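Scope of the values below: all heavy atoms of this structure, side chains included, with no hydrogens, waters or symmetry mates. The structure presented is a predicted model; accordingly, all values stated were derived computationally and were not measured. Letters A, B, ... mirror the listed sequences (proteins, then strands); counts begin at 1.
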Amino acid sequence: MEPPPDRERFRPTPGRSREEMEALQRDIAASARFADDLPFDPATVGDPDGPLVAGVDQAFLTDRDPEMAVSAVVVRRGDEVIERVHAISPVEIPYVPGLLAFREGGPILDAFAELETDPDLALFDGSGRIHFREAGLATHVGVALDLPSVGVAKSLLCGTPARDTAALAAGERVPIRGDDRMSASATDTVVGYAYQSRQYPDSRRINPLYVSPGHRVSAETAVDCVARCGGDYKLPEPTRLADAYADEVKRSLAE
DNA sequence: GCGACAG
DNA sequence: ATCTTGTCGC
């Protein structure tokens with residue numbers, strides 16, 4: 001799938017100043033919908049006859065002249081893999097906290113362009129609304145494709161947990177509220193959740209995931225969808241499969 | 001000067 | 001993200 005013609009302006013292309021990138025992010029946030037606007041019933045995510053859920057992740061070939069990105073997208077219905085694609089693209093923008101979508105967004109869109117299936121929902125490795133300008137990777141790509149999306153990050157970029165998240169039991173979720181490091185419009189509103197997908201039985205601890213709406217989903221529905229994606233690991237299965245696939249492609253390119 | 005942050 | 005073996009515990 002490709003971005004709709006009228007959304008080409010959201011594509012995270014290189015050659016922009018930091019100010020221009022931040023301005024585009026404010027534009028992206030203004031176009032994002034942090035409320036449910038889904039073509040399916042979120043309660044059916046993970047069901048054999050439920051929606052098509054895509055997992056997205058990348059691996060990098062740092063030891064190349066232009067650094068190369070391997071972007072992978074794995075689409076599932078229930079626990080069955082319907083389609084799996086990848087793209088290998090040059091990385092043209094360095095990683096800067098807050099501007100991750102500009103480094104990874106382009107290569108990810110290259111992978112989506114290879115997709116024959118149209119997913120109903122996509123899970124990204126990174127933040128959505130939990131972002132300084134409410135326009136993290138999941139939001140940026142979701143808005144660019146006008147595709148319902150969710151951000152699943154392994155660490156918290158900004159925002160404040162409603163209570164301590166150090167020792168949550170499996171399945172527990174704690175609201176993350178917008179704080180002073182974020183757009184004023186997010187202040188005190190629930191921009192996402194810390195979600196303990198897995199936990200050890202003993203005293204060892206696993207950090208929670210930080211789930212936030214990307215586009216066309218509310219914070220509550222975003223966590224519900226992640227919880228329904230299942231899997232036996234910390235990361236939801238779609239994302240974990242995309243991660244493994246990107247690594248597989250990367251290793252096959254070793255020299 | 002301090003703060004300090006996805007992948 | 002990436003560089004990387006063994007090791008602790010169920």
Side-chain angles (χ1 to χ4, degrees), chain A residues 12 18 21-22 25 28-29 32 55-64 66-73 86 88-109 111 122-142 149-161 165 170 176 178-183 186 191-195 198-215 219 222 226 232-236 239-240 242-251 253-255:
Chain A
R18 177 172 192 132
M21 291 190 275
E22 295 186 349
Q25 291 186 322
I28 290 279
V56 185
D57 194 29
Q58 301 171 299
F60 295 84
L61 300 171
T62 311
D63 56 344
R64 299 294 178 99
E67 177 180 0
M68 301 297 275
V70 176
S71 308
V73 180
H86 75 270
I88 298 175
S89 335
V91 176
E92 311 176 278
I93 304 172
Y95 168 68
V96 174
L99 299 177
L100 179 67
F102 284 88
R103 169 184 168 83
E104 307 193 340
I108 285 175
L109 288 177
L123 266 44
F124 292 84
D125 203 1
S127 284
R129 193 183 186 182
I130 294 181
H131 178 274
F132 311 121
R133 291 165 291 281
E134 299 179 86
L137 179 67
T139 298
H140 199 133
V141 178
S149 62
V150 170
V152 181
K154 294 182 289 296
S155 60
L156 191 59
L157 216 205
C158 54
T160 306
T165 61
I176 303 293
D179 60 23
D180 57 15
R181 292 174 292 176
M182 305 171 63
S183 318
V191 294
Y193 283 88
Y195 172 60
R198 298 289 135 180
Q199 191 52 283
Y200 291 128
D202 58 49
S203 61
R204 296 177 57 192
R205 57 181 47 178
I206 293 179
N207 292 119
L209 290 174
Y210 297 94
V211 180
S212 58
H215 180 45
V226 169
D232 300 319
Y233 299 83
K234 173 175 174 173
L235 292 178
T239 297
R240 196 188 67 82
D243 178 274
Y245 182 42
D247 264 0
E248 178 186 324
V249 173
K250 174 184 175 174
R251 283 175 300 169
L253 269 45
E255 290 171 47

How many Å lie between [atom1] on [X] and [atom2] on [N], as a whole number?
{"X": "Leu100(A)", "N": "dT2(C)", "atom1": "CG", "atom2": "C1'", "result": "15 Å"}
{"X": "Glu67(A)", "N": "dA1(C)", "atom1": "CD", "atom2": "C1'", "result": "8 Å"}
{"X": "Arg205(A)", "N": "dG9(C)", "atom1": "CZ", "atom2": "P", "result": "17 Å"}
{"X": "Leu156(A)", "N": "dA6(B)", "atom1": "CG", "atom2": "C1'", "result": "9 Å"}
{"X": "Ile28(A)", "N": "dA6(B)", "atom1": "CD1", "atom2": "P", "result": "20 Å"}

Inset, instruction - Report yes if a side-chain nitrogen or oxygen of Lys250(A) is closer than 4.0 Å to either non-bridging phosphate oxygen (OP1 or OP2) of dA1(C); otherwise report no. - result: no
Legend entry - dA6(B) phosphate, OP1 or OP2, under 4.0 Å from Tyr210(A) side-chain N/O: no
Inset, instruction - Tell me whether the guanidinium CZ or amine NZ of Arg18(A) lies under 6.0 angstrom from the six-membered ring centre of Phe102(A) and within 45° of its axis. - result: no
Inset, instruction - Assign Phe60(A) to base, sugar-phosphate, or nothing according to its heavy-atom contacts below 4.0 angstrom with the strands shown. - result: sugar-phosphate
Inset, instruction - Looking at every strand, decide which applies to Ser155(A) at a 4.0 Å heavy-atom threshold: base, sugar-phosphate, or nothing. - result: sugar-phosphate
Selection from [options] that lies nearest to any side-chain heavy atom of [X]:
{"X": "Asp247(A)", "options": "dA6(B), dC5(B), dT2(C)", "answer": "dT2(C)"}
{"X": "Ala59(A)", "options": "dA6(B), dA1(C), dT2(C)", "answer": "dT2(C)"}
{"X": "Lys154(A)", "options": "dA1(C), dA6(B), dC5(B)", "answer": "dA1(C)"}
{"X": "Leu157(A)", "options": "dG7(B), dC5(B), dT2(C)", "answer": "dC5(B)"}

Inset, instruction - Report yes if the ring of Tyr95(A) lies under 5.5 Å from the six-membered base ring of dG7(B) with planes under 30°, and no otherwise. - result: yes
Legend entry - Polar contact flag, side-chain donor to acceptor under 3.5 angstrom, Asp125(A)-Thr239(A): no
Legend entry - Residues, nucleotides or ligands: over 12 heavy atoms within 6.0 Å of Arg205(A) CZ: no
Legend entry - Heavy-atom check, side chain of Arg240(A) versus side chain of Tyr245(A), under 4.5 Å: no
Inset, instruction - Could you tell me whether a side-chain N or O of Lys154(A) sits under 3.5 Å from a main-chain N or O of Pro208(A), the two making a donor and an acceptor? - result: no
